[in-house]
Structure formats: C-alpha cells, structure tokens
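The structure displayed is predicted, hence computed values, not measured ones. Below, chain A is the first sequence line, B the second, and so on; all start at residue 1. Values below: every heavy atom of this structure, side chains too, minus hydrogens, waters and symmetry copies.
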Protein chains: 2
Amino acid sequence: MNSYQHVPRHLLAIDCIIFGFDGEDLKGLFVKRKIEPQKDNWSLMGGFIAETESVDAAAERVLFELTGLTDVYMEQLHCYGELDRDTHSRVISIAYFALIQIASYKDEVLKEHNASWISLKELPELIFDHSQMVEDAKERLKQKVANHPIGFELLPDKFTLRQLQTLYEAIYEIPLDKRNFTRKIFSLDIIRNTGKKEKTTSRKGSFYFVFEEEKYKQLEKDGLKFI
Amino acid sequence: MNSYQHVPRHLLAIDCIIFGFDGEDLKGLFVKRKIEPQKDNWSLMGGFIAETESVDAAAERVLFELTGLTDVYMEQLHCYGELDRDTHSRVISIAYFALIQIASYKDEVLKEHNASWISLKELPELIFDHSQMVEDAKERLKQKVANHPIGFELLPDKFTLRQLQTLYEAIYEIPLDKRNFTRKIFSLDIIRNTGKKEKTTSRKGSFYFVFEEEKYKQLEKDGLKFI
DNA sequence: ACAAAAGTGTTGTCTGTACACCCATGC
DNA sequence: GCATGGGTGTACAGACAACACTTTTGT
C-alpha cells in the first residue's frame with residue numbers, strides 16, 4: 001500500500017544569503033540572475049533541490065557552486081512558502097545563510113556567476129522575497145552572534161582587535177566602547193595575541209590575534225552572553 | 001519560456017508540535033498515526049501541503065484539523081530534509097510549533113484523532129525524526145520565552161502567579177525563586193490583579209491575574225529580557 | 001615635533017541572586 | 001489552633017556603561 005499516492009508535489013528551491021566582512025562593512029554576495037523570470041535583476045544565489053540530496057546538502061551544493069568553498073559555517077534560516085512569492089510559478093524556498101571570509105573567495109568565480117559583494121547598507125532591490133530573506137538573515141545573525149562566537153567565521157585567520165570590534169559594530173549596527181569591548185573579548189578567553197603587528201593602518205601598529213580553537217568550540221556549544 | 005522545466009518535484013509535509021500546559025507539566029499533543037508506514041505509532045500531527053495554499057496556511061490547516069482552533073500562536077520551527085527521514089519515500093517536512101490553552105481543546109476531538117496530551121517529561125518514542133523535532137521545539141520555546149512574553153499563550157485567561165511560575169519552570173526545566181520571579185513579572189507591567197481569588201488549592205486563596213493586552217503586544221514586538 | 005591610531009583602569013549604577021518569615025483561611 | 005500555600009524585603013555580588021589620557025612610531 002502506498003499511502004502517499006495522489007499527494008501534490010512541489011518545486012523546492014534553496015536560496016543562500018552569503019555574508020562577508022571586508023574590514024569595514026558587512027557585505028552580502030549577490031548574483032545577477034541568469035534565467036527568467038526577472039533575468040538580470042539582483043538575486044540571492046539559489047538552485048533547486050535534487051531528488052537524491054538532502055536539503056542541507058542542496059544548500060551546501062548551491063554555496064559550493066558559487067564560491068567553490070566547503071566546510072563553511074551555514075545555518076538554515078527559514079522556509080518561505082507564500083503562494084505567489086515566485087512570479088513565474090509556485091516555488092517554495094528554503095533559505096540558508098553562510099558566513100565566509102571574503103579573502104577566501106576567488107575573484108575569477110565572481111565574474112563567472114555575475115556575482116558581486118554588496119554592502120548591506122546600500123542593498124539594491126532584489127527579486128521576489130529575497131530582500132525579506134536578507135532582512136531576516138541579518139536579524140538572525142544579530143541574535144546568533146549575541147550568544148555564539150560565530151562572528152569569527154567572517155574574519156581572516158589573523159585579525160586585530162579593531163577589526164573584530166568593527167565587525168561586531170557592523171553586525172549589531174551600533175557603536176561599541178573600545179575599552180569595554182576589549183575587556184569583554186579577553187574575558188571570553190577565546191583569542192591569543194600572536195605578538196606580531198599589523199603596520200599598515202597606524203604608525204604604532206596593532207597586534208594580530210588568532211582564535212583559540214578549543215575554547216571556540218566549547219563556546220559554540222555552550223553558548224555565551226555577548227550583548 | 002519556462003525556465004523551471006525538468007526540475008524535480010517533492011512531497012512536502014507539515015508537522016506540528018502542539019504545546020499545552022495543564023498547570024503542572026508542559027505537554028504535547030500527539031496522535032496515533034492512522035496510515036502506513038508506522039501505523040499506530042505515536043506521531044506529531046501532520047499533513048501534506050496542497051497546491052493552493054501557502055506553507056503557513058497549510059500549518060494552520062493541520063492545526064485546525066486536529067484542534068478546531070484558529071488564531072493560535074504558531075511559529076515555523078525548521079525544515080527537515082534528510083533523504084531517509086521518512087522510511088516510506090522521500091518527504092521533506094516543515095515543522096511548526098503552536099501554543100494552545102489545553103482547556104480550549106475539545107475532548108471529543110481527541111478521540112476522533114486518536115490524540116493524547118502527553119507530558120514532555122515522559123515522551124514515548126515517536127516515528128521518523130519527530131522526537132528530534134520535539135527536542136528542537138522545546139529548545140526554541142526556551143529561547144523564545146526568554147525574550148518574548150509568549151508563555152502566556154499557554155495559560156487560561158485568569159491565572160495565579162503560582163501557575164505562571166510553574167509554567168516558566170516547566171519550560172526552562174529549572175526551579176525559580178518565588179520572590180524574584182514575582183518581582184520580575186511585576187516589573188514587566190504586563191499583568192493585572194483582578195482582585196478575585198482562586199480558593200481550591202489553598203486556604204488563603206491566591207489572586208487571579210489577567211494580561212494587559214496593550215503592554216503584551218508591545219513586549220512581543222520589542223522583546224524583553226526574562227532570563 | 002606632530003599626527004594618527006593603539007592600548008589601557010576606575011567608578012557608579014544596575015541587575016541578578018540568595019535567603020526566611022508572617023499572613024489568611026478552612027478545617 | 002494548626003496546617004497549608006500565598007505573599008513580601010533586604011543585602012551582597014557581579015555585570016555593564018560611561019569616561020580620557022598615554023604610548024608608539026613614521027613622516
């Protein structure tokens with residue numbers, strides 16, 4: 001007996017909000033859509049879910065197709081299922097967001113996909129409900145970062161305290177006090193001073209820090225209270 | 001041009017975690033499944049998404065079919081998309097959780113659907129990945145209740161401070177201090193003393209409280225910090 | 001010597017937490 | 001009059017927020 005007979009089937013898509021940080025602004029990776037409808041308009045990277053892959057695997061594939069990256073921090077955001085969200089036909093989309101290091105992203109791939117990093121402060125209109133997805137992802141990122149150390153996923157391996165603070169300010173969209181921020185981060189015991197200095201942005205130079213992997217994983221599991 | 005040709009289609013289901021509170025324990029509403037596979041095993045209430053309804057609407061329909069209730073607090077939890085999560089064939093499921101007042105639930109409907117309220121402390125094995133869904137929903141409820149006043153959705157219109165505290169203790173799964181709890185709730189300025197007393201559980205009797213709708217909506221929007 | 005960014009401490013306020021006794025009433 | 005659950009205040013500790021000056025060094 002097949003109790004699932006006569007059940008309607010649906011088109012199921014993935015859309016991917018890809019966050020990056022250039023040392024100043026929080027950015028998203030967007031593509032100029034290559035297919036109808038809405039060809040040539042700005043869009044999130046997306047794709048359809050295949051028959052033989054899990055939903056998570058589909059999201060990883062979509063991300064890989066655009067970035068060539070694997071082992072990236074990625075999280076399911078929400079399933080968007082309004083009837084008319086895609087103007088062409090009924091498509092239900094599951095949105096994921098990913099955090100990547102902009103530096104790890106290869107420029108040649110950008111052109112190949114008509115892709116660009118765009119500051120989230122000057123976001124153009126996106127197709128369908130993609131603007132809503134980005135808003136939701138920003139909000140979720142804020143929430144998450146307040147309780148998990150995932151912000152670090154956006155930084156290069158070595159980074160200065162100032163870069164770290166700027167990142168948090170970009171995510172929260174509020175300025176933070178330099179001294180209080182430094183104290184807070186040190187109290188988490190999650191970064192280590194390499195003793196080496198970055199000398200391009202100031203005369204004095206600022207120390208490069210790296211993550212303590214073990215402590216990081218611990219905090220990712222247990223949670224923390226950042227703000 | 002139809003750019004969505006040759007794209008695979010999927011079976012898409014809704015599963016619904018329905019929370020209730022009986023004054024003592026946090027409970028879930030579960031059904032004995034009527035169809036194969038896994039007929040007669042405990043399951044979440046579910047159903048397939050139709051062609052002509054949004055995903056949210058499908059969730060509301062599934063909840064209505066089991067409870068007869070509308071205008072219920074309901075929130076999308078997560079999309080579960082592992083290849084083999086349904087042992088019969090590939091089904092992707094979008095889980096929602098709902099908060100209802102047990103008292104508003106009609107007993108005749110329970111029998112009709114082979115449904116029972118089961119304490120989440122003594123949860124039986126559920127089919128497929130439904131146990132995981134319940135765990136995830138409990139976790140999400142904890143998170144949400146810490147920042148939004150939605151716990152009230154589970155209580156009857158009139159309730160005592162003790163009932164409210166017991167509810168929060170059941171959700172957080174930790175005991176709370178009576179005096180600190182009372183102070184905290186009052187500081188939110190969200191409940192009003194009706195002046196009437198409940199007299200069945202103690203000689204002295206305890207005051208019935210009701211919500212202040214306006215303040216409640218404000219807090220639901222703005223968020224709060226409860227724990 | 002000066003410009004430009006880095007780094008560093010203290011204090012007051014608020015929030016959270018621990019804790020114990022009296023009250024009102026039905027029996 | 002006593003047993004039962006209801007209601008209330010205080011004190012200590014830790015977290016957070018506000019705030020300004022000195023250091024380093026390339027030019």
Of all residues at least two apart in sequence or in a different chain, which pass the side-chain contact (heavy atoms from CB on, under 4.5 Å) check with B:A146?
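Scan of B:A146 (side-chain contact (heavy atoms from CB on, under 4.5 Å), adjacent residues dropped) gives B:Y172.
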
Which residues pass the ring-ring contact (aromatic ring centres under 6.0 Å, His included) test with A:F30, sequence neighbours left out?
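Result, ring-ring contact (aromatic ring centres under 6.0 Å, His included) vs A:F30: none returned.
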
Is the A:F226 to A:Y168 ring centre distance short of 6.0 Å?
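Yes: the rings meet the under 6.0 Å criterion.
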
Can I get a per-line list of side-chain donor-acceptor pairs under 3.5 Å for residues 112-126 of chain B, giving both atom names and the distance, sequence neighbours left out?
from: B:H113; atom 1: NE2; to: B:E65; atom 2: O; distance (Å): 2.9
from: B:S119; atom 1: OG; to: B:D25; atom 2: OD2; distance (Å): 3.4
from: B:S119; atom 1: OG; to: B:K121; atom 2: N; distance (Å): 3.1
from: B:K121; atom 1: NZ; to: B:D25; atom 2: OD1; distance (Å): 3.3

Taking [atom1] from [X] and [atom2] from [N], how many angstroms apart are they, rounded to a whole number?
X      : N      : atom1 : atom2 : answer
A:F181 : D:dA15 : CZ    : P     : 18 Å
B:L164 : D:dG6  : CG    : P     : 13 Å
A:I185 : D:dA15 : CD1   : C1'   : 16 Å
A:K184 : D:dG14 : NZ    : P     : 15 Å

Determine all donor-acceptor pairs shorter than 3.5 Å in which one atom belongs to a side chain in residues 186-193 of chain B; sequence neighbours excluded.
from: B:S187; atom 1: OG; to: B:K184; atom 2: O; distance (Å): 2.7
from: B:N193; atom 1: OD1; to: B:G195; atom 2: N; distance (Å): 2.7

Pull out every protein N or O sitting under 3.5 Å from an N or O of nucleotides 8-11 of chain D, one pair per line with the distance.
from: D:dT10; atom 1: O4; to: B:R183; atom 2: NH1; distance (Å): 3.3
from: D:dT10; atom 1: O4; to: B:R183; atom 2: NH2; distance (Å): 3.3

Please identify the 5'-most and 3'-most nucleotides of DNA chain C with any atom under 4.0 angstrom from a heavy atom of chain B.
C:dG16 to C:dC27

According to the ring pair (Phe, Tyr, Trp, His ring centres under 6.0 Å) rule, which pairs have a member within residues 136-155 of chain B, sequence neighbours left out?
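Sorted pair list: B:F152-B:F211.
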
By side-chain hydrogen bond (donor to acceptor under 3.5 Å, both in side chains), which residues pair with A:Q132, not counting sequence neighbours?
A:D136

Sequence neighbours excluded, which residues qualify as side-chain hydrogen bond (donor to acceptor under 3.5 Å, both in side chains) partners of B:N147?
none

List the atom pairs, with distances to 0.1 Å, where a side-chain N or O of residues 94-110 of chain A and a protein N or O form a donor-acceptor pair under 3.5 Å, not counting sequence neighbours.
from: A:Y96; atom 1: OH; to: A:D56; atom 2: OD1; distance (Å): 2.5
from: A:Y96; atom 1: OH; to: A:Q76; atom 2: NE2; distance (Å): 3.3
from: A:Q101; atom 1: NE2; to: A:L155; atom 2: O; distance (Å): 3.0
from: A:S104; atom 1: OG; to: A:Q101; atom 2: O; distance (Å): 2.7
from: A:Y105; atom 1: OH; to: A:L66; atom 2: O; distance (Å): 3.1

side-chain hydrogen bond (donor to acceptor under 3.5 Å, both in side chains) contacts touching residues 208-217 of chain B (sequence neighbours left out)
B:E153-B:Y216

side-chain hydrogen bond (donor to acceptor under 3.5 Å, both in side chains) assessment of A:Q165 paired with A:R162:
CA-CA 5 Å; A:Q165 180 177 341; A:R162 244 18 66 212; 2.5 Å; yes

Pick the nucleotide of DNA chain C nearest each of A:S206 and B:I227; which residue has the one closer to the 5' end?
A:S206

Using a cutoff of under 3.5 Å, can you pull out all pairs of nitrogen or oxygen atoms linking the protein to nucleotides 23-25 of chain D, with atom names and distances?
from: D:dT23; atom 1: O2; to: A:K204; atom 2: NZ; distance (Å): 3.1

